[in-house]
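Below you'll find the structure, written out as structure tokens, and then a few comments.
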Amino acid sequence: MKTDLRLLVVLSTLMAFAAISTDLYLPALPRMSAALGASQGTLELTITGYLIGFTLGQLFWGPVGDRYGRRGPVALGLIVFVIGSAGCALSTDAWQLIGWRVVQALGACASVVLARAIVRDLFERDRAARLLSTLMTIMAIAPLLGPSVGALILKVASWQAIFWTLVLIGLATLAALSTLQETLPPERRNTEPLSRAFLGYTSLLGNRRLLGYAGAVGFFYSGVFAYIAGSPFAYIDYHRLSPQLYGVLFAVGIIGLMVSNTVNARLVTRFGSDRLLLIGTIGAALAGVIVALVGATDFAGLFGLAAALCLYVAMNGFIAANAISGALVDFPKRAGAVSALLGAIQYGSGIIGSAVSSTFADGTPWPMAWVIALSGIGSLLSMRLITSRPKTASRYPR
């Protein structure tokens, strides 16, 4: 099936909701702290609350999308997102804001998890991996531009205007969704009761290959979120870098990710997604070990640390799309549930990685570094579950 521009734009927007919902308001956190009379630590819970809601919400929307189709649940999720964003804008204290951020996340995750399922509905494995890489390249623009756009909004309006902007984005996406056809016709839907579908997560976790794909992406993202949590302190506090230059280095990592996604999209139909996934996990493990060595010895200083971290982040281009497409291939009637499970593991691992890195923080890059090293090695070892024995016919509904 030929991919048209309209499909790319709508799916990219749906998949970018996680980044859009967080990156846009990051520059406003200090102003919000003063306006709401809350500490920096309390305001940081708006990010934690969002990640928790995003992780758990995916487990709900996946089976719902398999049972009732994609467009309806995505539309309902967008409505919840709009309500949550409006609630954030109208919040008068930090705890109200945290609560509305959870609601916002519960709506936003429907877009992300079911956008991946839509890709599986339309394309077979390697072509799905190719499209996912293309989508991830496009959606990487969100974390590049999000903080800058948020800062521009703050120059002309209050912090609440950022959340009203998210309301408008949600409504515009809802309108754009109406231009796309339903990709999961009734005859291909999973007709089992939702209660049984939710319990079906346990059977999915018993599938060896699915666990391998989930482990590859889950371990990797625990390192990514450790990087997000620890790199500001490693660059700005330890290496005395200015916040502006930190932003530049962060952007370099995102650009590296975009390049690797582009390369993966070009090569996946030639070499296969599993082979490129293996290359990505090897690269992540090597980069993680280098990060740990640099963190422990300070070898090559700032340059050595930045180069190793950028290499680790760039491996996302070979890991995420290929792991997701590989996991989805055996479960066409449960693509929403599989996508949800992988997304929950991805973000749940991110919460653990960032929490561990923050818990052991000692003013040096070392805690972040060893978490990233273990994450990269774990991602590589997960490949044994995929490659140690040949693929067998799935015993789950197709």
Quick check on the hydrophobic clustering: are [X] and [Y] connected, directly or via other members, by side-chain heavy-atom contacts under 4.5 Å?
X	Y	value
V371	L381	no
I282	V263	yes
V149	I254	yes
L14	V80	yes
V102	I162	no

Looking only at heavy atoms, what is the nearest atom pair of [X] and [Y], with distance?
X	Y	value
A38	A94	CB-CB, 3.6 Å
A285	L380	CB-CD2, 3.9 Å
N322	N264	ND2-OD1, 2.8 Å
Y213	D274	OH-OD1, 2.8 Å
I345	A214	CD1-CB, 3.7 Å
F219	S382	CD1-OG, 3.5 Å

Are the side chain of [X] and the backbone of [Y] linked by a donor-acceptor contact shorter than 3.5 Å?
X	Y	answer
S379	S375	no
E182	R70	yes
D66	G336	yes
S339	V113	yes
W61	L106	yes
Y347	F54	no
S357	S354	no
R67	R189	no
R101	T46	yes
R71	L180	yes

Decide yes or no for [X] and [Y]: does some side-chain heavy atom of the first lie under 4.5 Å from some side-chain heavy atom of the second?
X	Y	answer
F271	I279	no
W100	I83	yes
S325	F123	no
F17	L78	yes
S91	L36	no

Nearest-0.5 Å distance, [atom1] of residue [X] to [atom2] of residue [Y]:
X	Y	atom1	atom2	result
M368	D362	CE	CG	11.0 Å
S85	L90	OG	CG	11.0 Å
I98	W95	CD1	CH2	4.5 Å
L114	Q58	CG	CD	9.5 Å
I319	N261	CD1	CG	11.0 Å
R275	R270	CZ	CZ	11.5 Å

Could you give the side-chain donor-acceptor pairs of residues 163-178 under 3.5 Å, partners two or more places apart or in another chain?
residue : atom : partner : partner atom : Å
T165    : OG1  : A161    : O            : 2.8
T173    : OG1  : I169    : O            : 2.8
S178    : OG   : A175    : O            : 2.5

Checklist entry - Given S111 and F81, is the side chain to side chain contact (heavy atoms under 4.5 Å, CB included) satisfied, shown in steps? => result CA-CA 10 Å; S111 299; F81 172 81; over 6 Å; no

Checklist entry - side chain to side chain contact (heavy atoms under 4.5 Å, CB included) between L278 and I386: does it pass, once the steps are laid out? => result CA-CA 10 Å; L278 177 60; I386 302 169; over 6 Å; no

For residues 298-316, which side-chain N or O atoms pair as donor and acceptor with protein atoms under 3.5 Å away, sequence neighbours left out?
residue : atom : partner : partner atom : Å
Y312    : OH   : F220    : O            : 2.8
N316    : OD1  : Y221    : OH           : 2.9
N316    : ND2  : Y221    : OH           : 3.3

Item to check | Partner of L328 by side chain to side chain contact (heavy atoms under 4.5 Å, CB included), out of L210, V119, V338 | outcome: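 Testing L328 for a side chain to side chain contact (heavy atoms under 4.5 Å, CB included) against L210, V119, V338 leaves exactly one candidate, V338.
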
Checklist entry - Partners of F360 by ring pair (Phe, Tyr, Trp, His ring centres under 6.0 Å), sequence neighbours excluded? => result W370

